[in-house]
Structures are given as C-alpha cells and as structure tokens.
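The structure presented is a predicted model; accordingly, all values stated were derived computationally and were not measured. The sequence lines fix the lettering, A, B, ..., with proteins before strands; numbering per chain opens at 1. Every heavy atom of this structure was used, including side-chain atoms; hydrogens, water molecules and symmetry mates were not.
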Amino acid sequence: MATFTAPRLWSSTVGKKAVMAVTGVVLLLYVVAHMAANLKIFVGPESLDGYGRWLRGLGAGAFGYGGLIWIARVVLVAAVVLHMTAAVQLARRAHAARPVAYQVRPRVHGSYAARTMRWGGVLIALFVVYHVLDITTGTVNPHGVPGEDYANVVASFQRWYVVLFYLFAVVALGLHLRHGAASALRSLGSARAVQPVAVGLAVLVTAGFAVVPLSVYFGLVK
Amino acid sequence: MKVRLRIWRQAGEYDPGRLVAYEVEDASPDMSFLELLDVLNERLIAAGERPVAFDHDCREGICGMCGMMINGSAHGPRRETTTCQLYLRDLPTRRPITVEPWRAKGFPVIRDLVVDRSALDKVIQAGGYISAPTGSAPEANAVPVPKADASRAFDAAACIGCGACVAACPNGSATLFTAAKVAHLGTLPQGQPERAARAAAMVEAQDDLGFGGCTQMGECVAACPKGIGMDVIAHLNHDVLYG
Ligand code: FES
C-alpha cells in the first residue's frame, strides 16, 4: 500500500532524506568510477588521454561525439541540485526546531563525520567548481590544453597550494562518505550493519584520489 | 559535600529566563539528582522564594516524567540513565553543574525545568495505536509471535517518552521517539494492517509539530535512557517509503 505520493514524500523529512540517499548513491558511483579512472595516470599519458577520447566516443553513434558525457553531466547536476536542496531545507528546519540554544552543550557524542556533513558538503561543492574550471574547461589550468588531460593534471599539481586544497577536499569527501554511506542505507530503510563498509569505502576513495596529486608533486609522475 | 548549581529559572512560557547560581552545602554522594533539587527547594521555600519547578513521578526510571539537560547532556552524563536514577556520585561536582530544560520548538518551557511535551502525545494520536477491537485479553498463544520479533518489539516498547532524544538531537527531531513507537507496533502481527498508514501519519504529525528531520547524527541513541537503537529509525524509514 503506497501511502505517500511523490509531492507528499518530498514534503516529509523522511522523503527528503530518501532523496538525499538516492542522489548520494548516484554521486558515489560516479566518484568511485572517477577515482578508478584517475589511476590510469600511473600507466602513462597515452592511457589517461586515450581514456578521455574513449569516453567521449562512447555511444557516439546514438548521441554524437561527447554526447553521452553531456547526458551524464545533466544527471550529475540534477543529483547535486536535489541533494543540496534537501540538505539546505533540512538544515533550515533543524534551525527552526530549536529556537533557544543551550547555554552549555559541550562536545556532542556523534562522530566527527556526522557533525561535519553540512560544511563538508559545502567545501566539496566549492572544490568541484574549482576542479571543473581547472581540469575540465582548463580555464584556470597553467597548461589548459583540451584533450591533454595528463599534461593538464601534471601542470596543475606542480603548485603546493593546489595539492593542499585537493587533499583537503578529498579528506572532506572521505568523511562525507563515511557518514553518508551508512546513513543512506538507513534512510532507505535498511537496518544492516554498514559501518565497516562505509569506513572501507571512505578510506578507499580518499586514498585513491589523494595518491595522484601526491605522486605528481613528489615527481613520481612527470 | 558541597554542590554548586546553575539552574535555568523562567517564571512562565513568555517570560525571559536566565541561569541562577545556587549552592547546596550538605549534599551526599548517594543522593539522586532530584533529591538534590528537593533539598534545594526546601531551602528556597523556607526562605520564601519560589522553588525550582521540575517534572518527576515514579523516580524509578520507568515513567518518563523526569528529564533535564545536566551539563549539556540529556539526563546527565551516565548512559541509559534517567535523571531520577542519576546519583551525585556519578557527577563531577568540582565545578558548578548547569541545569537547563529540554530545548525544542515542540517543547515550550512552562516553568523553569518543566517543558510541555504534549507534542509527543499528538504524534501518538496520529497513529501510534492499533484500532482493532480487542475485547478481553485473548489466550496468550492464540497469535504466534516469533521470538526474534517479540524481542525487537519489546526493545522498541522500552521507550518511556521522556523526550531526551528530542533534547539531544542537533536537528531538534523527535524521530527516535516516533520510530520506537512505529517499530514497536509494526513488528507485531496485530500492528500489520495499519503499518504503512501509521508510519506515514506519525511522521507527518511530527513534521507538522515543528520538529526537525532526522539526519542520523546518533545523539539521540547516546541520550536515550532506555537504550533504543538506530535500527528503529531504519524500520520507520522502511515503513514510510515502502509501506
Ligand atoms: S521520574 Fe519516572 S522516569 Fe524519572
């Protein structure tokens, strides 16, 4: 028996969390694929750049060259918009639900990851904007030649502050996943013990992303 | 031993409140926290002052009437303990102890440490019951209940509705309370016919009463004097989403 229509579900706090869970899973799948593809940089320039060409050519017969990428981008942006809208609405609700603050409220019991979801999410969003301008469009990239992904990445990570920002962002992403992955399953009604999986996923993604800028900066990838 | 307190005093819902410092000189470590307030109140009454208002009834940790923020923790620092079952020996008394009422939009302060928790009753009224004619008590084994289900229902039914989960929740959400009731009734055979409608109605009531949404911070389960776990929240979400 379906008791909730879609608009009614969206107006409920449980529904908003379900939307955040589903969009979060979409973004998580993308992030894992992105992280795995990044590791091609260790094979060599041809491997990474060739992968980019292959990706753009994917489904070219039906959608044109690069068409599928644009479809993926639309899906991802839609997921981000829904995810953030629900998050902002829940945050505003939370603020309204406690009009008078406690005078004394020391360290709360929940995990650090849980407490930093909101600001961590904002940091990740800001990083993504910079990252797209850096690697996707090349606007703020010192090399900035479209299609030369390997050279663009190597050029970008010569600067210590870019490496630092990147590391900061992927640690924030790891924390976000650590709480988010476990929370998403619960939001979707699963009571399974998912904590170890969430921790493993967070460590894997963070390490997989962090190894690239570190390797470039310390000269392992030139 | 000497205990110093900073207690939230507020004459009525629309009056301004503030923390007021008190001292109890001859407290015993084996006094419960409420007994400490009793001693303080006797002094205040003798001195012609208004005693500190606080809720309590059974003082056995089973009725759910008591509850206050003690040094920023709902029911004080001891796990799975109500305020009435908290003893001074469990509290660090070298520094003043700050005592505040539950804070939530759905829990207006009536006076001092007493808040109006009838919002939780409204959540129950929205669906936290089984509307089957029960008649007299049936034979206990007429409806077989698997042991695992019975245990889970019992664990959820341990909720005494004290409101500590709301008080502790950074989102001001009553989800642990609502979820405990939904999991309690929804796990048993008698609760099945209304299972989906119950979960939906209770969540809607909770949202409409101005409580926040659950983001699974886990503060509620740390504060719950009855040790209700996050699994009931998964149960609630399941029933709302899939019926
Ligand atoms: S007074 Fe009954 S639970 Fe504390």
Side-chain angles (χ1 to χ4, degrees), chain A residues 1-5 8-9 11-22 86-87 89-118 121 179-195 198, chain B residues 6 8 17-19 69-73 97-101 103-106 109 166-175 195-201 203-204 206-207 210-223 229-243:
Chain A
M1 172 171 55
T3 44
F4 269 127
T5 56
R8 230 181 119 195
L9 196 61
S11 74
S12 119
T13 53
V14 168
K16 285 191 204 299
K17 277 294 277 180
V19 168
M20 289 186 72
V22 171
Q89 290 178 343
L90 284 169
R92 292 173 64 114
R93 251 197 105 82
H95 197 73
R98 179 157 298 127
V100 183
Y102 290 111
Q103 307 259 322
V104 175
R105 185 78 173 123
R107 229 183 66 76
V108 277
H109 305 270
S111 74
Y112 185 76
R115 280 182 278 136
T116 52
M117 285 308 271
R118 282 170 189 156
H179 177 77
S183 176
L185 280 182
R186 213 180 278 119
S187 292
L188 295 175
S190 164
R192 263 173 244 268
V194 287
Q195 299 299 343
Chain B
R6 292 161 70 221
W8 184 264
R18 67 190 180 96
L19 287 172
M69 289 304 261
I70 301 169
N71 283 341
S73 296
I97 300 168
T98 305
V99 190
E100 295 179 78
R103 296 275 188 214
K105 178 151 178 278
V109 172
V166 179
C169 178
N171 295 310
S173 175
T175 296
R195 186 170 167 173
R198 170 186 308 117
V203 163
E204 268 194 327
Q206 183 206 278
D207 286 352
F211 292 107
C214 173
T215 62
Q216 298 168 22
M217 306 284 286
E219 298 295 324
C220 54
V221 296
M230 295 290 276
D231 54 320
V232 297
I233 295 179
H235 184 118
L236 171 75
N237 291 333
H238 176 279
D239 284 5
V240 169
L241 295 173
Y242 317 116

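In this structure, the separation between CG on B/Asp231 and OG on A/Ser190 is 11.0 Å, given to the nearest 0.5 Å. One distance of note links CZ of A/Arg93 with NZ of B/Lys105; it measures 8.5 Å at 0.5 Å rounding. Remark: A/His179 NE2 to B/Thr215 OG1 distance equals 5.5 Å, nearest 0.5 Å.
Note on A/Arg105 versus B/Glu100: no salt bridge recorded, every NZ/NE/NH1/NH2 to OD/OE distance being 4.0 Å or above.
Among A/Lys17, A/Met117, A/Arg98, the residue making the largest number of heavy-atom pairs under 4.5 Å with chain B is A/Arg98. Ranked by non-hydrogen atom pairs under 4.5 Å with chain A, the options B/Cys169, B/Gly106, B/Ser173 are led by B/Cys169.
When B/Asp239, B/Val203, B/Asp207, B/Ile233 are each tested for a side-chain contact (heavy atoms from CB on, under 4.5 Å) with A/Val14, only one passes: B/Val203.
By the side-chain contact (heavy atoms from CB on, under 4.5 Å) test, A/Arg186 pairs with A/Gln195, B/Gln216, B/Met230, B/Ala234, sequence neighbours left out. With sequence neighbours excluded, the residues that form a side-chain contact (heavy atoms from CB on, under 4.5 Å) with A/Ala91 are A/Arg118.
With a 4.5 angstrom heavy-atom cutoff, A/Leu185 does not touch chain B via any of its atoms. If you measure heavy-atom distances from A/Ser183 to chain B, the contacts under 4.5 Å come from both the backbone and the side chain. At a 4.5 Å heavy-atom cutoff, A/Ala113 makes no contact with chain B through either its backbone or its side chain. The contact between B/Thr98 and chain A is made entirely by side chain atoms (from C-beta outward), counting heavy-atom distances below 4.5 Å.
Between A/Ala97 and B/Gly172, the shortest heavy-atom distance links the atoms CB-O, 3.8 Å. Here the closest heavy-atom approach between residue B/Asn171 and residue A/Ala94 is recorded as OD1-CB, 3.2 Å.
A/Tyr102 places no side-chain N or O within 3.5 Å of a backbone atom of B/Ala168 that could act as its donor or acceptor partner.
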